[in-house]
Amino acid sequence: KAGVTQTPRYLIKTRGQQVTLSCSPISGHRSVSWYQQTPGQGLQFLFEYFSETQRNKGNFPGRFSGRQFSNSRSEMNVSTLELGDSALYLCASRASASGYNEQFFGPGTRLTVL
Amino acid sequence: AQSVTQLGSHVSVSEGALVLLRCNYSSSVPPYLFWYVQYPNQGLQLLLKYTSAATLVKGINGFEAEFKKSETSFHLTKPSAHMSDAAEYFCAVSPPNTGNQFYFGTGTSLTVIP
């Protein structure tokens with residue numbers, strides 16, 4: 001099976017712009033989670049989607065949003081970018097929303113905000 | 001509140017020496033527990049997971065971890081370090097009573113000295 005794919009891999013934006021990141025989960029996986037990773041804050045949970053519904057949400061401002069499509073592909077959007085949004089954004093999928101199932105991670109999208 | 005503590009943000013060992021990376025969790029019910037490894041510019045890869053079967057869990061690349069409920073710990077070990085083990089290691093918990101959300105520790109950077 002193909003792994004989790006994320007596009008684009010690298011992105012450079014300027015403050016105030018918006019950005020959309022895409023994630024394709026492993027075939028058959030219905031749960032997709034998003035994380036922000038920075039050197040100072042580590043891995044921070046953004047949100048999780050399961051069957052097109054947001055199940056859990058982390059402590060991020062409303063500028064961060066996401067959605068999941070019927071084919072389980074997911075997108076996350078960040079509006080009005082700030083310098084502090086520069087980070088590696090990781091997507092992870094799992095077969096179901098059960099905690100028994102491990103998450104499989106994509107390679108990430110490296111976002112740089114200038 | 002759920003949390004994961006990884007003692008030691010940086011650990012250095014000599015090649016061939018024992019690797020011990022510490023993870024303690026707080027959860028009101030026994031959670032599912034995971035160890036992930038992250039190599040530079042890559043996503044996270046699952047090393048092993050504990051799902052309430054055997055308390056000693058064997059993973060990939062010679063790593064293993066032991067679940068100790070009395071100590072609320074899930075430390076990762078490897079008898080003999082290889083240069084290729086140099087990476088960032090993350091412990092994660094998924095408590096059953098929190099919607100199975102994943103909570104990650106802050107990570108431990110392992111350096112292997114030749």
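Numbers restart at 1 for each chain; the letters A, B, ... are given by sequence-line order, proteins then strands. What you see is a predicted model; the values in this text were computed from it and never measured.
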Tell me, side chain or backbone of A:Gln37 under 4.5 Å from chain B's heavy atoms, or both, or neither? side chain
Please determine, among A:Pro107, A:Gly42, A:Gly108, the option with the most heavy-atom pairs under 4.5 Å with chain B. A:Pro107
Is it the case that over 12 heavy atoms from other parts of the model lie below 6.0 angstrom from the NZ atom of A:Lys57? yes
Heavy-atom contact with chain A under 4.5 Å, split by part of B:Leu46: side chain
B:Tyr50, B:Leu20: one ILVMFWY side-chain cluster at the under-4.5 Å cut-off? no
OG1 of B:Thr51 to CD of A:Glu102, rounded to nearest 0.5 Å, is 9.0 Å
So which part of B:Gln38 gets closer than 4.5 Å to some heavy atom of chain A, the side chain, the backbone, both or neither? side chain
How far apart are the closest heavy atoms of B:Asn41 and A:Arg110, and which atoms are they? OD1-NH2, 4.0 Å
Over 12 non-hydrogen atoms of neighbours within 6.0 angstrom of CZ in A:Arg63: yes
Same cluster or not: A:Val32 versus A:Ile26, using hydrophobic residues (I, L, V, M, F, W, Y) connected whenever any side-chain heavy atoms lie under 4.5 Å apart? no
Rounded at 0.5 Å granularity, tell me how far CZ in B:Phe102 sits from CG in A:Asn56. 11.5 Å
Do B:Val37 and B:Ile60 land in one hydrophobic cluster if side-chain heavy atoms of ILVMFWY residues count as linked below 4.5 Å? yes
Could you tell me the separation between the CG atom of A:Leu43 and the CG atom of B:Leu44, rounded to the nearest 0.5 Å? 5.5 Å
Does B:Arg22 CZ have over 12 foreign heavy atoms under 6.0 Å away? no
Can you get from B:Val19 to B:Phe67 by hopping between Ile, Leu, Val, Met, Phe, Trp and Tyr side chains that sit under 4.5 Å apart? yes
Given 3.5 Å as the limit, does a donor-acceptor pair link the side chain of B:Tyr36 with the main chain of A:Gln103, or not? yes
Quick one: pull up OH in B:Tyr103 and CZ in A:Phe45 and give me the separation to the nearest 0.5 Å. 8.0 Å
